[in-house]
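What follows is one structure encoded as structure tokens, with my remarks underneath.
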Amino acid sequence: MPIDGLYSLAAVGIAGMSAIVLKLDQGRIEGNDSAGARYIGTYEADGTGYRLTLEITSPPNSFGVFGSSASETFRTNSDSIIVPASLFLERVPYTLPSYGITVIATRIPDTYANLAGKDGIRTLIGMLERAEAAWKNAARPM
């Protein structure tokens, strides 16, 4: 069950939702989310699913779907979780038992891989700035 690829994940928790882009490549994970957090880690097959070992670093004054309050400094959380293969292979939503967060993963084209890399946050900001400019130039209100 190979799951290597680029994924967009929607995560919904007690504090709202987040959009995440993760690149899974030969056991390594890297990515970013819409709150500016960076994801670094590994994954390996574990029975009928996968064990993901992640380090999530959030910048100052950002929110998290975990319900934690914003911090004035960088905050790093590390954990190892097991998810079913169906999360990545069949787009079946999965609720992380320890967190009460439901995630759904969708494979996206590799042409968006830069969103998961170190410059992914800057790329996302650029996309949003271009969208904002397009709306300002359109004959419709935002």
Side-chain angles (χ1 to χ4, degrees), residues 1-46 48-138 140-142:
M1 299 181 292
I3 60 170
D4 283 0
L6 191 66
Y7 294 88
S8 172
L9 288 87
V12 179
I14 60 171
M17 71 77 67
S18 183
I20 305 162
V21 176
L22 293 180
K23 180 180 179 184
L24 283 67
D25 185 24
Q26 299 180 15
R28 305 279 310 147
I29 300 172
E30 79 172 322
N32 297 292
D33 73 18
S34 56
R38 284 279 293 140
Y39 295 68
I40 300 291
T42 60
Y43 67 93
E44 62 185 355
D46 188 301
T48 60
Y50 289 89
R51 176 178 298 278
L52 282 62
T53 302
L54 288 170
E55 183 175 276
I56 304 169
T57 302
S58 301
N61 303 311
S62 67
F63 72 93
V65 296
F66 299 103
S68 57
S69 58
S71 171
E72 293 182 11
T73 62
F74 280 90
R75 179 183 58 233
T76 300
N77 296 318
S78 300
D79 203 355
S80 183
I81 57 173
I82 297 175
V83 297
S86 61
L87 173 65
F88 293 105
L89 300 175
E90 301 170 25
R91 296 187 63 202
V92 175
Y94 180 69
T95 300
L96 303 172
S98 301
Y99 298 101
I101 295 173
T102 301
V103 294
I104 186 167
T106 303
R107 180 80 192 264
I108 60 176
D110 291 339
T111 54
Y112 295 104
N114 57 341
L115 291 173
K118 290 182 181 178
D119 294 328
I121 294 167
R122 177 67 249 162
T123 302
L124 179 59
I125 291 169
M127 290 171 64
L128 291 171
E129 288 172 341
R130 288 187 297 279
E132 178 185 41
W135 278 108
K136 283 182 180 179
N137 293 328
R140 316 177 188 161
M142 284 199 322

With salt bridge (charged side-chain N to carboxylate O under 4.0 Å, His left out) as the criterion, how do Arg38 and Glu55 come out once you've worked through the C-alpha distance, each side chain's angles and the decisive distance to 0.1 Å? CA-CA 8 Å; Arg38 284 279 293 140; Glu55 183 175 276; over 6 Å; no
With the side chain counted from C-beta on, respond yes when Ile3 and Leu24 share a heavy-atom pair under 4.5 Å apart, and no when they do not. yes
Rounded to the nearest 0.5 Å, how far does CG of Leu6 lie from OG1 of Thr106? 11.0 Å
Ile20 and its side-chain contact (heavy atoms from CB on, under 4.5 Å) partner, picked from Val103, Leu9, Ile56: Leu9
Any side-chain heavy atom of Tyr7 sitting closer than 4.5 Å to one from Ile108? no
Applying the side-chain contact (heavy atoms from CB on, under 4.5 Å) criterion to Ile29, which one of Leu52, Thr53, Thr42 satisfies it? Leu52
Point-to-point distance, once rounded to the nearest 0.5 Å, from CZ of Arg75 to OG1 of Thr57: 10.0 Å
What is the minimum heavy-atom distance between Pro93 and Thr102, and which atoms define it? CB-CG2, 4.1 Å
Rounded to the nearest 0.5 Å, what separation is found between the OG1 atom of Thr95 and the CG atom of Leu87? 10.5 Å
Can you tell me how far the CG atom of Asp33 sits from the OG atom of Ser62, to the nearest 0.5 Å? 7.5 Å
Between CD1 of Ile101 and CD1 of Ile14, what distance do you get to the nearest 0.5 Å? 8.0 Å
Could you note down all residue pairs passing salt bridge (Lys or Arg N to Asp or Glu O under 4.0 Å) where residues 93-115 supplies at least one of them, sequence neighbours left out? Arg107-Asp110
For Pro59 against Ala35, the heavy-atom pair lying closest together: CG-O, 3.9 Å
Pairs where residues 112-127 contributes a residue and the test side-chain hydrogen bond (donor to acceptor under 3.5 Å, both in side chains) is met, not counting sequence neighbours: Arg122-Glu129
Rounding to 0.5 Å, atoms CG (Asn77) and CG (Leu54) come to a distance of 11.0 Å
Arg51 versus Val83: any side-chain heavy-atom pair under 4.5 Å? no
With a 4.5 Å heavy-atom cut-off, do Phe74 and Ser58 have their side chains touching? no
Expected output: side-chain Asn32 to main-chain Tyr39 donor-acceptor under 3.5 Å: no
So do the side chains of Glu30 and Asp25 get within less than 4.5 Å of each other, counting heavy atoms only? no
Using side chain to side chain contact (heavy atoms under 4.5 Å, CB included) as the criterion, list what pairs up with Leu128, not counting sequence neighbours. Leu124
